[in-house]
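Have a look at the structure below before the remarks.
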Amino acid sequence: MSRLVIVSNRVGPLKDTGRAGGLAVALVDALTKSGGIWFGWSGEVSEEGTFGAFKTQKTKSVELVQMDMTQADYDDFYGGYANRTLWPVLHYRLDLAVFDRRFEQGYRYVNERFSTRLGPLLKPDDVIWVHDYHFLTFASHMRAMEVNNPIAFFLHIPFPAPEVLAALPNAESIVRSMLAYDLIGFQTERDASNFRRFVEEELGGTDLGDGRLSVAGGEVIAKAYSIGIDAENFAKFTSTLDARRNIDRLEKLMGGRQQIIGVDRIDYTKGLPERFRSFERLLEDYPENRGRVSLMQVAPPSRADLDAYIDIRRELDEMTGHVNGRFADLDWTPIRFLTKSFTRRALSGIYRASKVGLVTPLRDGMNLVAKEYIAAQRPEDPGVLVLSRFAGAAEAMKEAIIVNPHSPEEVAAGLQRAITMPLDERRDCWKIMFDRMCKEDAVAWSRAIMDDVVKCRSGNTVRPH
Ligand code: GDG
């Protein structure tokens with residue numbers, strides 16, 4: 001069996017500390033089965049940066065290998081091109097994107113430095129799996145070093161329509177670099193077809209069907225492999241002590257009232273101000289909910305040093321004050337806004353105690369919170385998911401109430417439908433989604449990608465030059 005080498009910006013943790021995301025758990029599972037390396041940034045900035053010694057951590061079969069970046073790498077690659085250029089563009093937010101030549105140079109440089117450091121650690125039959133928008137050009141540097149191993153890539157965030165991506169300076173060159181991968185995985189059919197269309201329209205490629213693209217004399221696979229969660233285990237979290245404590249506390253606090261739950265990193269893609277406005281509209285348009293339904297928003301801060309995030313935080317604080325000032329009563333607070341994080345077990349209890357899961361990003365690759373909310377429900381009395389049509393999750397979770405997050409009226413009507421949905425309808429919708437999630441879980445996702453990348457290299461697929 002080949003070793004697996006995973007490359008991603010942040011790595012680990014190897015042990016489930018309670019805070020590890022579901023994705024980390026799935027990748028550790030894949031690594032443990034085949035043995036291998038998880039390679040990436042240490043999260044630290046130092047003078048030596050990528051020229052410094054590796055920081056390693058080892059279990060019996062898996063090794064974490066991390067290295068630092070310099071301040072310049074951090075500013076241009078991470079804070080710059082990855083988070084101020086690619087993140088907004090790929091989420092269709094050209095209005096927020098910063099285009100700076102230095103950022104792009106820094107990005108290519110860090111991709112090259114990471115591949116140069118990884119090269120000597122590789123064995124001839126390793127399978128390499130690179131993750132996310134930080135490393136679009138990684139494989140092209142590996143190929144330049146004559147690394148011939150199979151290399152798969154998975155993009156966790158959306159891939160926009162070619163009309164949007166074309167605004168990115170040098171988009172053709174970035175996408176051409178991506179063709180050095182053997183397989184490029186996307187969250188949804190729409191993302192995959194946007195990519196194929198870009199390659200056809202801008203790079204003269206041909207769509208061969210079945211996710212295969214022929215371009216520049218070679219072939220590459222560009223397909224959707226929508227990411228799943230470890231649904232059965234997440235469901236089990238709800239009977240842990242941490243979860244039961246939260247369920248009891250919340251149920252006591254609510255005393256028969258209902259709670260809508262939102263859980264998101266603070267990020268402009270998550271549509272949080274729009275969500276608060278929609279909740280306010282629910283209280284305006286359906287006044288019977290005043291005093292009876294509240295919104296709890298859990299929002300652990302992320303990338304707190306970027307101005308755009310500080311502004312959203314301030315806006316949300318103000319909106320919370322405004323809605324609470326307008327509607328609160330002696331024994332009822334309409335919005336509770338918690339900027340702290342919980343362990344995954346504790347979170348599963350919060351989901352379970354909430355009658356509605358409100359997931360309304362303006363754009364999202366997948367959105368795992370939608371899946372976790374469903375996994376955490378009581379089978380005999382499940383809550384209802386209200387889900388944005390712009391989350392990748394909407395492609396497979398058609399039994400949720402699908403809404404347009406830009407329309408407060410539509411989200412409020414969706415919430416009202418969720419709050420009043422009869423038990424048998426709730427049960428039916430929940431069961432279809434839960435069963436599907438158990439089948440299409442995180443392990444099935446990683447297996448499908450690994451099988452396809454190995455298959456395409458043992459078949460007659462040739463890489464483009
Ligand atoms: C990217 C894409 C795609 C949140 N609060 C706490 C906590 N969380 C966990 C959730 C969930 C995860 O964070 C967030 O997952 P998302 O899917 O919403 O989003 P991104 O971080 O934006 O990730 C996204 C994903 O990659 C996977 O491919 O779905 O579209 O943007 O798991 O539970 N976890 C803990 N405490 C918290 O307070 N422990």
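Whatever order the structure lists them in is the order used to number ligands and atoms, beginning at 1.
A ring pair (Phe, Tyr, Trp, His ring centres under 6.0 Å) with W445 is found for one member of F154, Y225, F186 and no other, namely F154. Exactly one of Y133, Y107, F103, F135 qualifies for a ring pair (Phe, Tyr, Trp, His ring centres under 6.0 Å) with Y81. That residue is Y107.
Contacts between H131 and ligand 1, counted as non-hydrogen atom pairs separated by less than 4.0 Å, are absent for every part of the residue. Proximity of P300 to ligand 1, defined as any heavy-atom pair under 4.0 Å, is confined to the side chain (atoms from C-beta onward). Only the side chain of V263 comes within 4.0 Å of ligand 1, judged by heavy-atom distances. Of the heavy atoms in D264, none comes closer than 4.0 Å to ligand 1.
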May I have the step-by-step check of side chain to side chain contact (heavy atoms under 4.5 Å, CB included) for F39 and M67, ending in yes or no?
-> CA-CA 8 Å; F39 184 81; M67 57 186 187; 4.0 Å; yes
*Please step through side chain to side chain contact (heavy atoms under 4.5 Å, CB included) for the pair R436 and I432, ending with a clear verdict.*
CA-CA 6 Å; R436 189 189 295 128; I432 300 174; 3.6 Å; yes
Practice item. Apply the test salt bridge (charged side-chain N to carboxylate O under 4.0 Å, His left out) to residues D381 and K355: give CA-CA distance (whole Å), side-chain angles for both, the deciding distance (0.1 Å), then the verdict. Key: CA-CA 9 Å; D381 184 16; K355 278 293 159 214; 3.4 Å; yes
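The ring pair (Phe, Tyr, Trp, His ring centres under 6.0 Å) test applied to F279 returns no partner, not counting sequence neighbours. A search for side chain to side chain contact (heavy atoms under 4.5 Å, CB included) contacts involving T320 returns F276, N324, I335, F337, not counting sequence neighbours.
Inclusion of W87 in the set of residues having an N or O under 3.5 Å from an N or O of ligand 1 is not warranted. In terms of N/O distances under 3.5 Å, ligand 1 is not approached by L347. Looking at H156 next to ligand 1, an N or O pair under 3.5 Å apart turns up. Considering backbone and side-chain atoms alike, L368 places an N or O below 3.5 Å from some N or O of ligand 1. The N/O atoms of G365, backbone and side chain alike, include one that comes under 3.5 Å of an N/O atom in ligand 1. Distances between N or O atoms of E372 and those of ligand 1 include at least one value under 3.5 Å.
Interface atoms of ligand 1 facing I227, defined by a heavy-atom separation under 4.0 Å, are 28 (O). Of all atoms in ligand 1, listed by their number and element, those nearer than 4.0 Å to a heavy atom of R344 are 32 (O), 33 (O), 39 (N).
Using bins of under 30°, 30° to 60° and over 60° for the plane-to-plane angle, the ring pair F159/F195 lands in the perpendicular bin.
In summary, the side chains of E372 and Y351 do present a donor paired with an acceptor at a separation below 3.5 Å, with no hydrogens or angles considered.
Proximity annotation for atom 35 (C) of ligand 1: of Y133, F342, Y351, F342 comes nearest, heavy atoms only. Comparing M366, K270, R265 against atom 19 (O) of ligand 1, the shortest heavy-atom distance belongs to K270.
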